[in-house]
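Below is one structure; the comments refer to it alone.
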Amino acid sequence: MPAITSMRNWTQTKVVKPFKQYVSEGAEPSLLAWSASTGFVAGLCPLLGVSTVLALFLHFVLKACGVQLHLPMLLLANLVSVPIEVACILPFMRLGELILRAPKLDAAPTAIKDIFFSDPGAALKGIGHALLGWVLAAPFLVVLCAWLLRPVFAWAAQRYSKRRESTDDAHVMMLADQNASDDAEAVNYPLSYQEPEPLSPSYSGAVMNKRLSPSQSR
């Protein structure tokens, strides 16, 4: 199907290839794991449309505090979290309601639509509960995701770095073989040099007589 093919191509271009590139660059697996977990959890924020800005804000705040993250991996994980961002709003909202002991908001799609149009205050309160639940759960989710992702990044770094080294070695060997073949062609086909032919005695005598003719005329 065209939709599945386009989705597969998009995933290969936007997710898989950047992931392989970032992993094979030599960054520490722990750094990549913490960066990915931070970007992923930032992408689960219930406030739709602010996940990328929030990820960049967290990156610069942590950098100012002396915590260095891998920004490309952070943004890649933030992109991966987009499909499940909406699905996580309800669990975060239930957590916020549990913390505040607030009545549960009806989460049926038709009920949510009616609440947004008939009672915007209740809808904003539900978003506030979801935001509270996310804020409380985010630190634990970051630690859990980093702990789960670290062995994955260690395995991926070992695999793709070896593949990249083998590719580089093959490229170097190809260049060496090409240079060797060029040298061999230069040896087998040297530049030809022809010795100049000696002048004939008659031609040499004619030239000398021509040079001496003005003196003889004097």
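The first residue of the sequence shown is numbered 1, and numbering continues consecutively from there. The figures that follow rest on heavy atoms only: side chains count, while hydrogens, waters and symmetry mates do not.
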task = Each residue besides Leu136 in its hydrophobic cluster should be listed here, by chain and number; the cluster joins Ile, Leu, Val, Met, Phe, Trp and Tyr at side-chain heavy-atom distances under 4.5 Å.
result =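 ILVMFWY cluster around Leu136 also holds Leu95, Ile99, Leu100, Leu132.
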task = With sequence neighbours excluded, tell me which residues meet side chain to side chain contact (heavy atoms under 4.5 Å, CB included) with Ala154.
result =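 Here the qualifying residues are Pro29.
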message = Holding to side chain to side chain contact (heavy atoms under 4.5 Å, CB included), I want the full list of residues that pass it with Val82, two or more places apart in sequence or in another chain.
response =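 Val82: no side chain to side chain contact (heavy atoms under 4.5 Å, CB included) contacts found.
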Specify the closest pair of heavy atoms between [X] and [Y], including all atoms of both residues, with the distance to one decimal.
X: Leu148; Y: Val152; answer: O-CG2, 3.7 Å
X: Leu74; Y: Leu69; answer: CD1-CD1, 3.7 Å
X: Pro91; Y: Ala87; answer: CD-O, 3.4 Å

Salt bridge (charged side-chain N to carboxylate O under 4.0 Å, His left out) involving Glu85 - partner list, sequence neighbours excluded =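 Here no residue qualifies.
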inquiry  = For residues 131-154, which residue pairs pass the side chain to side chain donor-acceptor pair (under 3.5 Å) check, not counting sequence neighbours?
reply    =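 Checked against side chain to side chain donor-acceptor pair (under 3.5 Å) - neighbours excluded - no pair reaches residues 131-154.
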Pair listing, side chain to side chain donor-acceptor pair (under 3.5 Å) test, anchored in residues 93-104, at least two apart =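 Qualifying pairs: Arg94-Glu97.
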ask   = What pairs of residues pass the ring-ring contact (aromatic ring centres under 6.0 Å, His included) test when at least one of them lies in residues 55-79, not counting sequence neighbours?
value =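 For residues 55-79, and leaving out neighbouring residues, the ring-ring contact (aromatic ring centres under 6.0 Å, His included) pairs sorted by first residue read Tyr22-His70.
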ask   = Considering residues at least two apart in sequence or located in another chain, which fulfil the side-chain hydrogen bond (donor to acceptor under 3.5 Å, both in side chains) criterion with Thr52?
value =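 By the side-chain hydrogen bond (donor to acceptor under 3.5 Å, both in side chains) rule, Thr52 matches Asn78.
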Under the side-chain hydrogen bond (donor to acceptor under 3.5 Å, both in side chains) test, residues paired with Arg8 that sit two or more places apart =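 Here no residue qualifies.
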key: Residue pairs passing the salt bridge (Lys or Arg N to Asp or Glu O under 4.0 Å) test where at least one lies in residues 49-75, sequence neighbours excluded   =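 Non-adjacent pairs meeting salt bridge (Lys or Arg N to Asp or Glu O under 4.0 Å): zero.
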Would you tabulate the side-chain donor-acceptor contacts of residues 37-51 under 3.5 Å, counting partners in other chains and residues two or more places apart, or write 'none'?
{"residue": "Ser37", "atom": "OG", "partner": "Ala33", "partner atom": "O", "Å": "3.0"}
{"residue": "Ser37", "atom": "OG", "partner": "Trp34", "partner atom": "O", "Å": "2.9"}
{"residue": "Ser37", "atom": "OG", "partner": "Val142", "partner atom": "O", "Å": "3.4"}
{"residue": "Thr38", "atom": "OG1", "partner": "Trp34", "partner atom": "O", "Å": "2.7"}

Parallel, tilted or perpendicular: ring planes of Tyr160 versus Phe19, cut at 30 and 60 degrees =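 Judged by the thresholds at 30° and 60°, the geometry between Tyr160 and Phe19 is perpendicular.
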